[in-house]
Amino acid sequence: MGKEKKSLVKSGLILSLMTFASRIMGLVREMTKASFLGTSMYADAFSTAFMIPNLLRRLFAENAISVAFIPTFKNYLSKGDSDENKKETQEFLAATFTLVSFLTAVVVVVGIIITPLITLIFCKKPVDVNAADYAAQLEYWMLQKNEITILTRIMFPYLFVISVAAFFQGILNGCKIFAPSGFTPVLFNAVVIIATYVLAPYTENPARAMSIGVILGGCIQALFQWPFIKQTGWKICFTSLKKTFSNPGTKKVIALIVPTILGMAAYQLNDLVSTSLATRTGEGIASSLQYSLRLQELILGIFAVSIGTVILPDLSGLANEEKWEDFNSMLVQAIKIMILISIPVTFFSFVNGKEMITLLYKSKSFDDNSVMLTLGEFRFHIAGLLFIALNRIISPAFYAQRNTKLPTMAGIISFIANIILALVLVIFMKGNGIALALSLASLVNTIFLFIFMKKMNSFDTKNITKKTLLYIVKIIILSVVAVIPCYLLNPIWISAFENYGKMISQGMPILINFLIFATIGVIELIITKDEIAIVILRKIKRR
C-alpha cells in the first residue's frame, strides 16, 4: 500500500500543478470575457452556446473515457506484454477511436442542423403584445436567438476535436502519464484568450472571436498529445465500423457506458436547465453564473479533478486484485484531502468573495452591478464545494469496480432534486436560487453515494462514513476559528487601501486575510496532529 500512496501523491502533485495552471488560465479567459462582454446579452449568448457542445463532451467523451475506457484498457494492459495481448489491445484502441470519432461526427452534423430549434430552449419570446415595451422585448429576443444560433454553430465542432483529445488522454492516463493531458487545457485557454484579442476587431462582436478561439483551442488540445501517444508505442488508427462494434473490448466499453448515460445525462442536464432558467430570468444572470462557477472551479479543479483522475487507475488496479483494505484506505485518504481543502476554502471565500470578484472581473464592461450579481451567486455556489469535491472522488470508487448502476441512480436523484429546487428557488431568489439549487443537489448526490456504498461488500461503509463525518466536523471547527479574525479585520484592511488602484485596494485585503487564515490554520493542524498534514510535511521534508 505504501507504493500505491506514493504513486497517488506524486502523480497528484504533478497533475495538480498542471491543473493549477489550467485553472489560472481559465480564470484569465473569464476575465477576458468579462472585459470584452461583461454581463451583457452577448456574454449570456456565449455562455449558452459554449455550454451546449461542452455538455455533450462531458456526457459522452469524458464519461466514456473515465467510466468505461480506462478500466477496460487497464484490464488489457494487466494481461501482459505478449504479442497476442499487444495485438488485442491495439485492435481495441483502433475500434474505440473509430467509435468516438464516428459518433461525435454524427452528433456535430445533426447538432449544427437543428441548432435553431435548440436555441428556443434558452430564449423566452415575449407574449404580452399589449406591453408598452413589447417591440423592444421582441427585438431583444430576436437578437438573442440569432446570436446564440451563430455562436453554437461555430462551436459545435469543438465536440469532435475535444472528444479525440479526451481519447488521447484516456490512453495516457491508462499508462499513468498525466502531465501532457493536464497541460492541454492551459494551451486551450491561452488560444481562446489570444484569439479574442486578435480577432475581436475583425468580427461583428467579441463573442464570435472567442468562439473561433474555442475551436482552435480544441484542435491544439488534441494535437499536443499526439507525440506523447506515439511514445507509448500504441498506434492511433481507424478500423471498419463492423470491426468496431464487434470488438470484445469495445462491446465491454459500450456495455459499461450505456447504463451511465442516463445518470450522467441527468447530471449534465443540470447545466442545461440552469442555463435555460437563467437566460429566461433576466439579462446577465447566465453569464454571472458562469463567472461564479469559474471561481468555484478554480480550487475544485486543482485538487478534486486531479486526485479523481489519478485515483481511478489505482483504484481499478486494487479492485482487480481484490485488495479491498488498500482500496478503502486509498479512498479515505482521498476523501480527507478533499475535506481539508474544500471546507477552509469555503469559509475564506465567504469573507473575501466581493474583493475576489472585483479584483478579477471588474472593468468598464463589468461594473458594480455585475459584481454584486456575481457575488450573490458565488456565495451559494461555494457552499456546495465540499459535496461536489466528494462526488468526484467517491464516484470513481464505484467505476473502478465496474459498477455504474449505483452512481447513475445517485445522479438521477440529484438531477430531479436540482430541477425541483431550481424551479422553485428561481422564483424568489433568481440567479441566487439557481446557484443554491445546484449546491443542495450536490449534497443529495453525496448522501446517496454513501447510502449506496452499503449495497457493495467491498466498501467498508461504516468506517468510511465515520471517518468522513468526524473529519468534516473537525475541519469546520478549525476553519471557523481561523476565519473569525479575517471577518473582524476585513473592514479595516478595505478602509486602509480603498484609495489605491484595484490591484492594491482589493488584492491587499485578500492577501493579508489569507496570510492570517493560513497561519492560524497551519498552527491548528500542527496542534491537533492532523494525519493528512503530517503526510504532506513528511513529503516536503523528503524533497
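- Two rings, from F160 and F156, have their centers 6.0 Å or more apart.
- Ring planes of F92 and F69: parallel class, angle under 30° (limits at 30 and 60°).
- Take L443 and apply the side-chain contact (heavy atoms from CB on, under 4.5 Å) test, not counting sequence neighbours, and it matches F387, I447.
- Residues M25 and I193 are in side-chain contact: their nearest non-hydrogen atoms beyond the backbone lie under 4.5 Å apart.
- Q225 and S181 share a donor-acceptor pair across their side chains, judged by distance under 3.5 Å alone.
- For E377 and S288, the side-chain atoms include at least one donor-acceptor pair closer than 3.5 Å.
- A side-chain N or O of D367 and one of S370 form a donor-acceptor pair less than 3.5 Å apart.
- You'll find the ring centres of F228 and F168 outside the 6.0 Å limit.
- Using a 4.5 Å heavy-atom threshold, the side chains of Y140 and K145 count as separate.
- A donor and an acceptor atom, one from each side chain of D44 and T279, are nowhere located under 3.5 Å apart.
- K362 is not listed as a side-chain neighbour of I357, based on a closest heavy-atom distance of 4.5 Å or more.
- Contact annotation: the side chain of L172 approaches that of P180 to within less than 4.5 Å [non-hydrogen atoms, C-beta and beyond].
- Listed by chain and residue number, E147, E204 satisfy the salt bridge (Lys or Arg N to Asp or Glu O under 4.0 Å) test with R208 (two or more places apart in sequence, or in another chain).
- Contact check for F97 versus T244: no side-chain heavy atoms found under the 4.5 Å cut-off.
- Considering OG1 of T152 and CE of M155, their distance stands at 6.0 Å, rounded to 0.5 Å.
- Atom CD1 of I510 and atom CE of M356 lie 6.5 Å apart (nearest 0.5 Å).
- Between F378 and L373, the closest side-chain pair of non-hydrogen atoms is not below 4.5 Å.
- Exactly one residue among Y42, Y361, Y197 makes a ring pair (Phe, Tyr, Trp, His ring centres under 6.0 Å) with F36. That residue is Y197.
- When ring centroids are compared, F224 and F188 stay outside the 6.0 Å threshold.
- Inspection of the S47 and K33 side chains reveals an N or O donor paired with an N or O acceptor under 3.5 Å.
- Note: F366 and Y291 meet the aromatic proximity criterion, with ring centroids under 6.0 Å apart.
- Contact of the I112 side chain with the V108 side chain is registered, since non-hydrogen atoms from C-beta on lie closer than 4.5 Å.
- Remark: aromatic rings of F347 and F517 are distant, center separation not under 6.0 Å.
- The CD1 atom of I220 sits 13.0 Å away from atom CG of N189, with the distance rounded to the nearest 0.5 Å.
- Between R294 and L27 there is a side-chain heavy-atom pair separated by less than 4.5 Å.
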